[in-house]
Asks: 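Below you'll find the structure I mean.
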Amino acid sequence: MHFNRKDLLGINELDVSEIEYLLDLSRSFKEINERSIKKVPTLRGKTIIHLFYEPSTRTRTSFDIAAKRLSADTYSITASTSSIVKGETVLDTLKNLEAMKPDVFVIRHSASGAPWMLAGRTTASVINAGDGMHEHPSQALLDMLTILDNKKSLRGLNVLIVGDIYHSRVARSNIWGLTKMGANVVVCGPATLIPPNIDSMGAQVSHRLDQCIPEADVIMVLRLQKERQQQMLLPSLREYSAWYGMNGERLKRAKKDVLIMHPGPINRGVEISPEVADGPCSVILDQVTNGVAVRMALLFVLGQR
Ligand code: CP
């Protein structure tokens, strides 16, 4: 199976064989990241531009490390230090950068759909590094890879996604990806943070975290996205934490081999307690490590077109 797309925009548009191909390829790149010399010449002479309109630590750094480990040349554009602050539109920015002949754009934007619009206006490949409240495909791939490092299969696995589902592109990409791969996905959070159409995406809905925990093989805790909340959707952070925070007491009621995941950044003491985030069930830093391998795989397939 080959990946014949020009762009990687969302998990929703991928079929199972494409997801399996990208996960297999990511596994093969993990070995390079364990070497003392972590570099291969695969993308020598290729140019990759990271165009980030929103802050990022993990995604941006791991795409940059991934590109450099494949020997590509990389350039980073941050909204706050570019001509974007002078009022240049995203399309003008793209067209001007395209004039410098890059091979791949890695784009994060606050507007849902922006990478699709831009992909249709450039001959370079576009990778969606997170668009608004819509998709974060490389995050879902690294999450699936991390689960498969610890569990035999995604098929039949009970995955509980807890927290701010409404604002989460990570939740949407994971629901689409995990259900395609045969997992049972339950989303849990206060009604104000669950989008009304979520069951049409294949996820079950619960508002009672304590009832969901004993059944879960994987508990994916999401960050409370204070920056995307336009109105008061919660009575208080203390109350949110009491009802939906993943803490040591709740973990005692989980399966012994449960995996605790979080895409980061973490609000410690809000959606997850430090003892859970740093405890033996946590694979949060493994997710970050796998992010490099997944992004190497994506740049490999798209950068060689
Ligand atoms: N998980 C994730 O997207 O983290 P960053 O916002 O730091 O890239």
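Everything quoted here is computed from the prediction, not taken from an experiment. Atoms within each ligand, like the ligands themselves, are counted from 1 in listed order.
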Asks: Where is the tightest heavy-atom contact between Pro115 and Asp131, given as atom of each residue plus distance?
Replies: CD-CB, 3.5 Å
Asks: Less than 3.5 Å apart, which donor and acceptor atoms pair up between the side chains of residues 195-203 and the rest of the protein, not counting sequence neighbours?
Replies:
{"from": "Ser200", "atom 1": "OG", "to": "Asn197", "atom 2": "O", "distance (Å)": "2.6"}

Asks: For residues Ala140 and Ile11, report the shortest heavy-atom separation together with the two atoms involved.
Replies: CB-CG1, 3.9 Å
Asks: For Asp64 and Thr74, test the side chains for any donor-to-acceptor distance below 3.5 angstrom and give the result as yes or no.
Replies: yes
Asks: Quick one: which residue pairs count as a side-chain hydrogen bond (donor to acceptor under 3.5 Å, both in side chains) with a foot in residues 291-305, not counting sequence neighbours?
Replies: Ser62-Arg295, Ser125-Arg305, Ser138-Arg295
Asks: Once you restrict both partners to nitrogen or oxygen, which atoms of ligand 1 have a protein partner under 3.5 Å, and how far apart are they?
Replies:
{"from": "ligand 1", "atom 1": "1 (N)", "to": "Gln139", "atom 2": "OE1", "distance (Å)": "3.0"}
{"from": "ligand 1", "atom 1": "1 (N)", "to": "Pro263", "atom 2": "O", "distance (Å)": "2.8"}
{"from": "ligand 1", "atom 1": "1 (N)", "to": "Gly264", "atom 2": "O", "distance (Å)": "3.4"}
{"from": "ligand 1", "atom 1": "3 (O)", "to": "Thr59", "atom 2": "OG1", "distance (Å)": "3.0"}
{"from": "ligand 1", "atom 1": "3 (O)", "to": "Arg108", "atom 2": "NH2", "distance (Å)": "3.0"}
{"from": "ligand 1", "atom 1": "3 (O)", "to": "His136", "atom 2": "NE2", "distance (Å)": "2.9"}
{"from": "ligand 1", "atom 1": "4 (O)", "to": "Arg58", "atom 2": "NE", "distance (Å)": "3.0"}
{"from": "ligand 1", "atom 1": "6 (O)", "to": "Arg108", "atom 2": "NH1", "distance (Å)": "2.9"}
{"from": "ligand 1", "atom 1": "7 (O)", "to": "Thr57", "atom 2": "N", "distance (Å)": "2.8"}
{"from": "ligand 1", "atom 1": "7 (O)", "to": "Arg58", "atom 2": "N", "distance (Å)": "3.0"}
{"from": "ligand 1", "atom 1": "7 (O)", "to": "Arg58", "atom 2": "NE", "distance (Å)": "3.2"}
{"from": "ligand 1", "atom 1": "7 (O)", "to": "Arg58", "atom 2": "NH2", "distance (Å)": "3.0"}
{"from": "ligand 1", "atom 1": "8 (O)", "to": "Ser56", "atom 2": "OG", "distance (Å)": "2.6"}
{"from": "ligand 1", "atom 1": "8 (O)", "to": "Thr59", "atom 2": "N", "distance (Å)": "2.9"}
{"from": "ligand 1", "atom 1": "8 (O)", "to": "Thr59", "atom 2": "OG1", "distance (Å)": "2.6"}
{"from": "ligand 1", "atom 1": "8 (O)", "to": "Arg108", "atom 2": "NH2", "distance (Å)": "3.3"}

Asks: Please name all residues satisfying side-chain contact (heavy atoms from CB on, under 4.5 Å) with Arg5, sequence neighbours left out, ordered by chain then number.
Replies: Phe3, Glu13, Leu14, Glu18
